[in-house]
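Remember, predicted model here, so these are calculated numbers, not experimental data. Chain letters run A, B, ... following the sequence lines, proteins first and then strands; every chain starts at 1.
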Amino acid sequence: MNLRGPLVDVGDPREVETRYGERSLAEVTLRPEGGTADPVTVTLWAKWTHAAEHAEPGMDILVTDVEESEYRGETTYATSKESFVVVEPDFLVDVTDIRSWVRCSRVYYLNKLSGIPLNYPVVKGTIVHEVFGDLLRERDLDSSIEERIEERGLELGLLGREVDEVADEVRRNAAAIEGWLSQGKLTDEDEWRSEYTLISPTFGIKGRADALRRGAPVELKTGKNLNRDPRFQDKIQAAAYALILHERGVPVDTGTLLYTKNTTLDRTEESGDLSPAKDFSIGRGLLEFVVRTRNEIAAMEYETSVPTGREVNSKCQYCFDKDTCMVVSGRLGQESKVEDNNPNPNPITPIPEDERDYFDQFYRDIEEERRAVHAEYRKLWEQSAEERADDDRALIGLEPLGEEEQPDGTWELRARKTDDAVSKLREGDVALASDGHPVEGHGELARIVELGDEVVVTADEPVELRRLDVYPSELTTDRLLTALHDAVLKGSPDRKDVLFGRRDPEFSDRSAGTTYIDNNEAQDDAVSLAVDADDVALVHGPPGTGKTYTIARTIRALVEDGNRVLLSAFTNRAVDNALEALRDQGFEDIVRVGSENGVRDDMLDVRLSRSGDPNTLAAALHDAPVVASTTASCGSRIMREQSFDVALVDEASQLTEPGTLAATNLADRFVLVGDHKQLPPVVRAENDLQKSLFQRLIETYPEASVMLDRQYRMSQRIQAFASAEFYDGALRPATGEVAAQHLRDLGVDIADLPADLADPVTFVDPDGRRVGNTNPVEADRVAEIVAAYEDAGVASEDIGVIAPFRAQVAEISRRTDVTVDTVDRFQGSSKEVIIVSFVATGDLDGPLFEDHRRINVALTRAKKALCLVGDADALESDPFYERMLAWARR
DNA sequence: ACTCTGCGTAGAGGA
């Protein structure tokens, strides 16, 4: 039996006399989950008292294989020989994190905070691993080495490495692997598989094993190890994979570490054990150690405390991370072993208290987001296949059509879709392909090749393709953290003075006498402001104000002044839109950094491939006066090596502060373009991440901003409400033509429209009823209104329907062929005619209606006609919506 | 309550 639930009491470990001698125990009390059952006390024996030392009330705890017994008429619970105790099992710890924590808890913390920079040993190690996988798939060695090196061309180029020297080194490492593999092959006993992604719901561990041989984990290390035994942290890594296999009912009692550098060493230079492969046994003790280590990490993360490294008795003297450790502990005023071990006081000056608070707060906020990602993982096993499909997170009920081995040893898997379900999955994504049970059954990470009636994916190993799940990733979270680290701990004091409100942004008059845009004063001012900014310029661009055009003109002006410019935005779409405008203005000297399926087709010609000749690729990136990438990509190892004079960030009002910093960290000055009156960043948790840096800065330094006040999208009648409510009446049509535009311009005879749709802005109350997040009667009426516009001569592609809820979007989509989407997804685009379905009846309760910025977005998508469909009573229940109604009914 | 885009997956190592 397993017991699981939140801890209500944690007792101190103590020694007791038993008939076997003196033993230690600790009693913890938990409230069993899923019910109203009374709290129960569990006795944790011997080594599991460790959990009591690290846990605290409030944390979740899981005790497996509990022993139940009767004592004086009461049921008592205790750990048994088979028990494991897991602290905060929902927190998924990476296997590699367990490995670095075993080395030193500070190393774990530092890796997480500062990321692993681009360095040659790591890139080489990655290449050797990939070649290892290829060898297991029986691929030809020379072609594997050639291709794997080519794939890392950009990284190798940035590191100044030549193909031949890398190939020699990789070949020497590969020789060790080949030699060892051939021994196994001779006996014909070995059964291999490579790259196995493993997730453990019970132990809260995830990771990817390099390989399994006869079911036992094999870890490849490209370093050397001349001891007879594998390094302890390497054993722990392999044992962690063994633990997950143990959970799946596959007992594993050995592991193998393969140190490929050993055979490349000269016997006369070195003494020791030069054999590359070292087997070791994995007993229960090692598995328990893995769990206890993992518990230490989970407990530390629960408390968001900072590890000191004191519990490990290794010396800091030889540690590679010593300098980083000194800097981080010095800057943040942390207690750490590195300081204990140093005779002199830490020379690093601490950052001011307000910066420290800022760092701590955002650190916590980002970790909250990480937990939301972990919750996504949990759904892989907690939700049924049907629930996953309803959430658009999986394609289920696939019928396998076949598995075919490719020339490179990987597998192509095909299946037929049995329904027309949609999902978030896109071609090019990495997803979890499974036999129907992604975690408990057989799951493989796979790349989606085709996503039509037939589903085609490629994977390292074959699997019966019955289900395809979105695979959650912590990548964005990790990058937010390194961006925060770089900005606060490594950022220049000058920059931080502005970020923390100690100094107003400064401007030089570089633009004097230059007119950049001659028919729009605000746009021209915006370009001048950006050119003149010594620190930061803020461009506020309400809907339809020519933001993208202004951005392109700004970039050109900056480049003409000799600046190297980074163009960034949250979405690929915004990056590519800005690039398109830049190219429309005749500027082509651009490098686009990003994944192949993220970048729009018409920008692929300027996309920098990662694969190819190192020198050519590195030069292409270095020499580009304009580099464009999403803010997430700005946090990549490659982009973190780049530096710019100016960073220009579009859609800045939709970015979290750390998200914006990922881009601005790379440049001396920055320009943020956005509209804080439209939708804020999407985050899972409610915290400071919801407010953009753009908004904070424009509120702090209004004089460092320009608002584009002429809009080219909406008729006078349509823009009036948004202008008054959100832009203090300052937003105006750019020309008389824009103001006076009308459905007549599309060839529509207004007499052909029903009387209630004749005005450019109308309100219709269909007298429907909200059912969950839908309103079927309202959906019917919306479809009729669409048909009425179509009948009057409006083309279908000129009509758009907006609803707050996805459920209502689906409801309306079933009734019409025009574009229907949520407000959030409509941001950034527009249509001649927009119909908004409000869904709500009776009242407007709900977070979606509370944020009026969402309505600003919805109403400002329309150019010539806007029809609001909703319940008058509900809308009149809130003053803001009441004003909107009065305007629509005018 | 509800909105939902990114990311070469995770891991690759020095002595």
Whole-Å gap separating P (B:dT9) and CD1 (A:Ile199): 15 Å
Contact under 4.0 Å: A:Lys221 side-chain N or O vs B:dA12 OP1/OP2: yes
Carboxylate-amine/guanidinium contact A:Lys112 A:Glu367, below 4.0 Å: yes
A:Asp390 CG - B:dC2 P separation (whole Å): 14 Å
Nearest-neighbour nucleotide for the A:Thr571 side chain, B:dG6, B:dA10, B:dG13 considered: B:dG6
Gap between atoms CD and P, on A:Glu596 and B:dG8 respectively (whole Å): 12 Å
Parallel, tilted or perpendicular: rings of A:Phe849 and A:Tyr881 (30°, 60°): perpendicular
Between B:dC7 (C1') and A:Arg607 (CZ): distance, integer Å: 13 Å
Touch class at under 4.0 angstrom, heavy-atom based, for A:Asn773 against every strand present: sugar-phosphate
Selected nucleotide, minimal atom distance to A:Asn111 side chain, candidates B:dG13, B:dT3, B:dG11: B:dG13
Presence of A:Thr96 side-chain N/O under 4.0 Å of B:dG11 phosphate oxygens OP1/OP2: yes
Atom-to-atom span, CZ of A:Arg426 to P of B:dG8 - whole angstrom: 17 Å
Sugar-phosphate, base or nothing in reach of A:Arg853, heavy atoms under 4.0 Å: nothing
Spacing of the C1' atoms in B:dA12 and B:dG8 (rounded, Å): 13 Å
A:Arg231 side chain, from C-beta outward: closest of B:dA15, B:dG6, B:dG11: B:dA15
Between A:Ser837 and A:Glu778: side-chain donor-acceptor atoms closer than 3.5 Å: yes
Sugar-phosphate, base or nothing in reach of A:Gln827, heavy atoms under 4.0 Å: nothing
Nearest-nucleotide 5' precedence on DNA chain B, A:Ser636 against A:Phe570: A:Phe570
Sugar-phosphate, base or nothing in reach of A:Glu219, heavy atoms under 4.0 Å: sugar-phosphate
Ionic contact status for A:Arg208 with A:Glu195, cut-off 4.0 Å: yes
d(OH, A:Tyr318; P, B:dG14) in whole Å: 18 Å
Sugar-phosphate only, base, or nothing, as touched by A:Arg447 at under 4.0 Å among non-hydrogen atoms: base
Short side-chain N/O contact to B:dT5 OP1/OP2 from A:Arg573, under 4.0 Å: no
Sugar-phosphate only, base, or nothing, as touched by A:Lys124 at under 4.0 Å among non-hydrogen atoms: nothing
Sugar-phosphate, base or nothing in reach of A:Gly635, heavy atoms under 4.0 Å: nothing
Sugar-phosphate only, base, or nothing, as touched by A:Thr197 at under 4.0 Å among non-hydrogen atoms: nothing
Distance below 4.0 Å between A:Arg825 side-chain N/O and B:dT5 OP1 or OP2: yes
Sugar-phosphate, base or nothing in reach of A:Arg637, heavy atoms under 4.0 Å: base
Closest-nucleotide ordering on DNA chain B, the 5'-leading residue of A:Ala807 and A:Thr630: A:Ala807
Nearest-angstrom distance from the residue atom OH of A:Tyr259 to P of B:dG13: 10 Å
Donor-acceptor pair (no angle test) under 3.5 Å: A:Arg854 side chain, B:dT3 base: yes
B:dT3 to B:dC7 separation - P atoms, rounded to the nearest Å: 23 Å
A:Lys424 side-chain N/O to B:dT5 phosphate OP1/OP2 under 4.0 Å: yes
Presence of salt bridge, A:Asp460 and A:Arg193, under 4.0 angstrom: no
Options B:dT9, B:dG14, B:dC7, nucleotide nearest the side-chain atoms of A:Arg103: B:dG14
From B:dA10, B:dT9, B:dG13, nucleotide with atom closest to A:Val122 side chain: B:dG13
Sugar-phosphate only, base, or nothing, as touched by A:Tyr120 at under 4.0 Å among non-hydrogen atoms: nothing
Below 4.0 Å: OP1/OP2 of B:dA12 and any side-chain N or O of A:Gln237: yes
Touch class at under 4.0 angstrom, heavy-atom based, for A:Arg479 against every strand present: sugar-phosphate
A:Ser194 versus A:Arg137, side-chain donor and acceptor atoms under 3.5 Å: yes
Separation of atom CG in A:Asn572 from atom P in B:dT5, rounded to whole Å: 12 Å
Stacked cation flag A:Arg106 on A:Tyr108, 6.0 angstrom / 45 deg: no
Of the listed nucleotides B:dG6, B:dA15, B:dG11, the one nearest the side chain of A:Phe320: B:dA15
Sugar-phosphate only, base, or nothing, as touched by A:Ile116 at under 4.0 Å among non-hydrogen atoms: base
Within the 6.0 Å centroid threshold, strictly below: A:Tyr377 and A:Tyr471: yes
Sugar-phosphate, base or nothing in reach of A:Thr476, heavy atoms under 4.0 Å: base
Options B:dC7, B:dC2, B:dT5, nucleotide nearest the side-chain atoms of A:Ser595: B:dC7
